[in-house]
Amino acid sequence: MPELPEVETVRDGLERHVVGRTVRAVEVRRPYSVRRHLAGPDDLAGRLAGRTLTAAARRGKFLWLPLDHPGAAGVPPDDALLAHLGMSGQLLVRGTADDVEQGGAHTHLRVRLLLDDGGALDFVDQRTFGHLSVVDLLPTPDARPGGAGSALPLVPAPVAHIARDLLDPAVDREAVARAIRRRRTQIKRAVLDQGVVSGVGNIYADEGLWRARVHPATPTADLDQATALRVLDGVAGVMTDALAQGGTSFDALYVNVNGASGYFDRSLAVYGQAGEPCPRCGTPVVREPFMNRSSHFCPVCQPAPAG
DNA sequence: CATAGAACCTGTATGC
DNA sequence: TGCATACAGGTTCTAT
């Protein structure tokens with residue numbers, strides 16, 4: 001469910017409400033939710049107990065909370081609590097004893113970090129596509145020439161193959177546009193490929209392509225540089241607008257770190273708007289199957305590619 | 001290596 | 001009411 005604006009909203013909330021606090025204990029209620037932590041739930045709990053969360057970072061839809069060094073001597077590997085929200089994940093901060101008590105009864109509570117100040121950080125996830133793990137941070141070159149930087153960014157090993165996202169100050173949009181045009185696929189598939197550019201999901205792909213007036217099935221080989229950049233600008237623009245409003249939300253499935261829903265869904269032009277008039281030309285929006293999901297577009301503003 | 005499709009899990013909405 | 005099917009915002013693994 002959450003795409004970049006939602007995950008960034010959560011990251012911002014964690015930065016302001018959780019960073020600096022220390023984990024006292026961990027409850028793993030659903031081992032499947034920590035399946036990516038190969039050493040198992042007990043190891044995860046052991047590596048978190050007593051550690052202080054020192055920052056909140058993000059790339060694309062992955063977010064992580066770097067941990068302090070317990071021993072302080074020597075140079076232990078940097079590590080972090082890594083989270084992916086999947087389709088339905090939430091990270092909820094419980095501040096008071098009452099909040100902790102009530103949150104503990106939540107049907108979809110999967111993992112709980114009890115904090116030493118009496119609060120808790122809850123990982124709630126209905127569909128369980130999301131996951132938590134504790135992983136090493138490694139200096140990592142960009143998977144693709146999507147951005148240039150003097151120093152290598154420190155990212156979790158499982159994030160090494162994820163390209164920079166469009167809100168990353170170091171992203172190189174011209175290079176991303178060239179990478180897209182090098183692919184031999186359809187534009188929507190390329191925009192959704194997290195190894196090309198990260199953070200984009202089904203909603204913002206459809207909305208960005210509508211803004212750019214490009215049909216989702218357009219072959220990438222047919223795009224000139226200016227058109228590819230227009231798509232990136234469209235996607236970045238809609239994500240920036242969504243972020244300003246705290247992310248998109250359809251229902252109680254998504255809430256930000258404090259439990260407040262976003263409301264960007266009220267300004268979606270085509271996503272979920274099948275049959276409704278295109279805000280630009282009035283033509284009914286079309287929905288068609290795409291990779292076990294749907295694509296939404298205006299058949300007039302976004303003409304289908306020839307053939 | 002690049003690309004397309006299946007698989008992973010839970011829940012709601014819809015139709016018969 | 002009961003049951004089957006479609007669909008949901010993502011990523012990884014496997015096959016080609």
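Numbers restart at 1 for each chain; the letters A, B, ... are given by sequence-line order, proteins then strands. Everything numeric here is computed off the predicted structure, so don't read it as measured data.
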Taking only distance into account, with no hydrogens and no angle test, what donor-acceptor pairs under 3.5 Å do side-chain atoms of residues 22-32 of chain A form with protein atoms, sequence neighbours excluded?
from    : atom 1 : to       : atom 2 : distance (Å)
A:Thr22 : OG1    : A:Thr52  : OG1    : 2.7
A:Arg29 : NH1    : A:Gly104 : O      : 2.8
A:Arg29 : NH2    : A:Gly104 : O      : 3.4

Query raised in the report: Can you list the residues that meet the ring pair (Phe, Tyr, Trp, His ring centres under 6.0 Å) rule with A:His161, with sequence neighbours excluded?
Result: none
Report task. Select one nucleotide: of C:dC7, C:dG9, B:dT10, the one nearest the side-chain heavy atoms of A:His108. Result -> B:dT10
Report task. Pick the C1' atom in C:dT11 and in B:dT12, then give their distance to the nearest Å. Result -> 23 Å
**Report entry** Pair of N/O donor and acceptor under 3.5 Å linking B:dA4 base with A:Arg189 side chain
**Finding:** no
Query - Spacing between A:Asn292 atom CG and B:dC9 atom P, to the nearest angstrom - result: 16 Å
Query - Length of the line joining A:His296:NE2 and C:dG9:C1', which is rounded to integer Å - result: 11 Å
Report summary line: A:His37 meets the ring pair (Phe, Tyr, Trp, His ring centres under 6.0 Å) criterion, sequence neighbours left out, with none
Taking only distance into account, with no hydrogens and no angle test, what donor-acceptor pairs under 3.5 Å do side-chain atoms of residues 184-191 of chain A form with protein atoms, sequence neighbours excluded?
from     : atom 1 : to       : atom 2 : distance (Å)
A:Arg184 : NH1    : A:Arg181 : O      : 2.9
A:Lys188 : NZ     : A:Asn202 : OD1    : 2.7
A:Lys188 : NZ     : A:Asp206 : OD1    : 2.7
A:Lys188 : NZ     : A:Ser294 : O      : 3.2
A:Lys188 : NZ     : A:Ser295 : OG     : 2.9

For residues 298-307 of chain A, please give each side-chain donor-acceptor pair under 3.5 Å, one per line with the distance, not counting sequence neighbours.
from     : atom 1 : to       : atom 2 : distance (Å)
A:Gln302 : OE1    : A:Cys298 : N      : 2.8
A:Gln302 : NE2    : A:Leu209 : O      : 3.4
A:Gln302 : NE2    : A:Val214 : O      : 2.9

Report task. Consider only side-chain N and O atoms of A:Glu174 and A:Gln225, and report whether a donor and an acceptor are under 3.5 Å apart. Result -> yes
**Report entry** Protein-to-nucleotide contact annotation, 5' to 3' order, nucleotides 11-16 of chain C [B base; S sugar-phosphate only; - none; under 4.0 Å, heavy atom]
**Finding:** SSS---
**Report entry** A:Thr185 side chain near B:dA4 phosphate (N/O to OP1/OP2, under 4.0 Å)
**Finding:** yes
Requested in this report: Check whether any side-chain nitrogen or oxygen of A:Arg30 sits under 4.0 Å from OP1 or OP2 of B:dT10, and answer yes or no.
Outcome: yes
Query raised in the report: Hydrophobic clusters join Ile, Leu, Val, Met, Phe, Trp and Tyr when side-chain heavy atoms are under 4.5 Å apart, directly or via other members; which others share one with A:Val135?
Result: A:Phe62, A:Trp64, A:Leu82, A:Leu137, A:Leu154, A:Val155, A:Val159, A:Ile162
Query raised in the report: Between A:Thr54 and A:Asp68, is a side chain to side chain donor-acceptor pair (under 3.5 Å) present by the stated rule, with each step listed?
Result: CA-CA 6 Å; A:Thr54 61; A:Asp68 69 331; over 6 Å; no
Report summary line: Considering only heavy side-chain atoms of A:Gln126, the closest of C:dG9, B:dG11, B:dT3 is B:dG11
Requested in this report: Please tell me which of the listed nucleotides, B:dT10, B:dT3, C:dG9, lies nearest to the side chain of A:Arg184?
Outcome: B:dT3
Query raised in the report: If you check the A:Ser294 side chain, which of B:dC9, B:dA4, C:dC7 turns out closest?
Result: C:dC7
Report task. Convert the base pairs of DNA chain B into dot-bracket notation, remembering that pairs crossing earlier ones are written with [ ] and that bases paired across to another strand are shown as |; include only Watson-Crick or G-U pairs under 3.5 Å. Result -> .|||||||.|||||||
Query - Integer-rounded Å distance: B:dT10 C1' and A:Phe129 CZ - result: 8 Å
**Report entry** ring pair (Phe, Tyr, Trp, His ring centres under 6.0 Å) partners of A:Phe297, counting only residues at least two apart
**Finding:** A:His215
